[in-house]
Number of protein chains: 2
Amino acid sequence: MTRRTPRPRERGIPEATVARLPVYLRALQSLTERGTPTVSSGELASIAGVNSAKLRKDLSHLGSYGTRGVGYDVEYLIYQISRELGLTQDWSVAIVGAGNLGRALANYGGFGTRGFRIAALFDADPAVVGDEVAGLSVRHIDTLEDVVSVEKVSIGVIATPAAAAQGVCDRFVSAGVTSVLNFAPVVLSVPDGVDVRKVDLSIELQILAFHEQRKADGHEGPGWIGALEA
Amino acid sequence: MTRRTPRPRERGIPEATVARLPVYLRALQSLTERGTPTVSSGELASIAGVNSAKLRKDLSHLGSYGTRGVGYDVEYLIYQISRELGLTQDWSVAIVGAGNLGRALANYGGFGTRGFRIAALFDADPAVVGDEVAGLSVRHIDTLEDVVSVEKVSIGVIATPAAAAQGVCDRFVSAGVTSVLNFAPVVLSVPDGVDVRKVDLSIELQILAFHEQRKADGHEGPGWIGALEA
DNA sequence: TAGATTGTTAATCGATTAACAATC
DNA sequence: TAGATTGTTAATCGATTAACAATC
């Protein structure tokens, strides 16, 4: 016998939708700045750079927050998306690596109107420890565990050279951090239950190079997929 | 009567595959450093952090470069993937914005064993123009068009504040650049035929926050769907 | 009421994966 | 030959999109 429970109101938003919610949020914030009180799915989709059917489908996963014939109330939708993303609370972020990249990240002030607080910036180099960056004093990496615990850090950002990244990640994880954002060019291995996201300059460039090459090739075959046989 | 041509050897590699090729390439390069001559799909997949069926499927889009019962020749596969990605030629890259981020990018030396050359670094601030960064002298943004043309820049990187990004993008595009990597938190609008990729710290943090919140919630519903890409 | 726009359905498309025949 | 591993098939799953009934 297969179980056939009646499906408990399908929670769980598709990953692809989660990844777009921040984009919608940013678009909505720009509308607030312009003082726009209400927006249709078509307008919002166009600002966010997506198809309007997709936008409506995405929002429908959160609930029914629009008004037929009218559109969406900008402030209200900002609130609902923020809540869904968990931005109505503050998350403590720690950055390891106080090189140019770490400093750039620490100085990246406006995290889409808050939700995040840079609690600490670490480095292994004694010559850098103590530097003032974005109002923080760079701490020595040896204090990572203490700081994570005291500051209740829940997101760790790795901005170190590749060779150091896995070690830093392990320390984050054993200190209890369960979300990691990795800028180092390595695949991190982490236990189940820890989320890792990766940002990699060289991968992005290589993907662009692939398409650039295709453009130069003179488009043999279904080069730009879709262009033809439409 | 429907046409029934025999299908001309299906060119066109799926986007999802293209995005993973750089990851395989990096894994293979680490194997070369260790002097490993041959690798199976299972081993390579594990290093790259993907499923081995997916890896074999991805590679099958490039051709048939493995040996049954043996595996893949590391050097040969590096060459084939590099060729497919267009890394057997050199691409000129220009970066706009010589703040911490721009400097971090310019200093990011090893682009997965080359394929890219940082041809120029621009800034609008006269106080910064002339600074030496990664062996380059920072140029004034007004010279962008000239430099793009002389240096044959094909990839433009935007590391400016949000407000400046669209303007810089427009200048890149009208100077003939058809691939843009954008680090500014805005949706760029570009004509057809121009590829834009976007890297956005605050979006990455927001996605992590969403999952972090779910963990804290006590896992109602299908909480952490497959942790991440793995 | 007439016009506009949402929320949802259903079709389609693309991506993932297990399984296995081919073959080294 | 026996063992190993690829390349491919086919099933499944998830994401996109057009279309439209519901409804403001």
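Throughout, a chain's letter reflects where its sequence line sits, starting with A, and its residues are numbered from 1.
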Under-4.0 Å side-chain N/O to phosphate OP1/OP2 contact, A/Y72 with C/dG7
yes
Between D/dT5 atom C1' and B/L44 atom CG, what is the distance in whole Å?
14 Å
Looking at the rings of A/Y72 and A/Y65, which for Trp means the six-membered one, are their centres under 6.0 Å apart?
no
Find which nucleotide of DNA chain D each of A/G69 and B/Y65 is nearest to by heavy atoms, and output the residue with the more 5' nucleotide.
B/Y65
Under 3.5 Å, N/O pairs linking protein and nucleotides 15-20 of chain D:
residue, atom, partner, partner atom, Å
D/dT16, OP1, A/R20, NH1, 3.0
D/dT16, OP2, A/R20, NH1, 3.3
D/dT16, OP2, A/R20, NH2, 2.8
D/dA18, OP2, A/N51, ND2, 3.3
D/dA19, N6, A/R56, NH2, 3.3

For the CG atom of A/L55 and the CG atom of A/L59, what is their distance to the nearest 0.5 Å?
4.5 Å
Please check the phosphate of C/dT6 (OP1 and OP2 only) for any side-chain N or O of A/S41 closer than 4.0 Å.
yes
Answer yes or no: is there a donor N or O on one side and an acceptor on the other, between the side chain of A/S174 and the main chain of A/D170, under 3.5 Å?
yes
A side-chain contact here means heavy atoms from C-beta on lying under 4.5 Å apart; do A/Q213 and B/E84 qualify?
no
Once you apply the 3.5 Å cut-off to both distances, tell me the Watson-Crick or G-U wobble partner of C/dA22, or none.
D/dT5
Whether the side chain of A/R68 and the base of C/dT6 hold a donor-acceptor pair under 3.5 Å is what I'd like checked.
yes
Rounded interatomic separation in angstrom, taking NE2 from B/H61 and C1' from D/dT6:
15 Å
Does any nucleotide pair with D/dT17 by Watson-Crick or G-U wobble geometry, both distances under 3.5 Å, and what is it?
C/dA10
Mind listing the closest non-hydrogen atom pair of B/D90 and B/R117 along with its distance?
OD2-CB, 4.1 Å
Within the distance-only criterion (no hydrogens, no angle test), does the side chain of A/S92 pair as donor or acceptor with the backbone N or O of A/E151 below 3.5 angstrom?
yes
OP1 or OP2 of D/dT5 under 4.0 Å from side-chain N/O of B/S40:
no
Which whole-number value in Å describes the distance from A/L77 CG to C/dT5 C1'?
15 Å
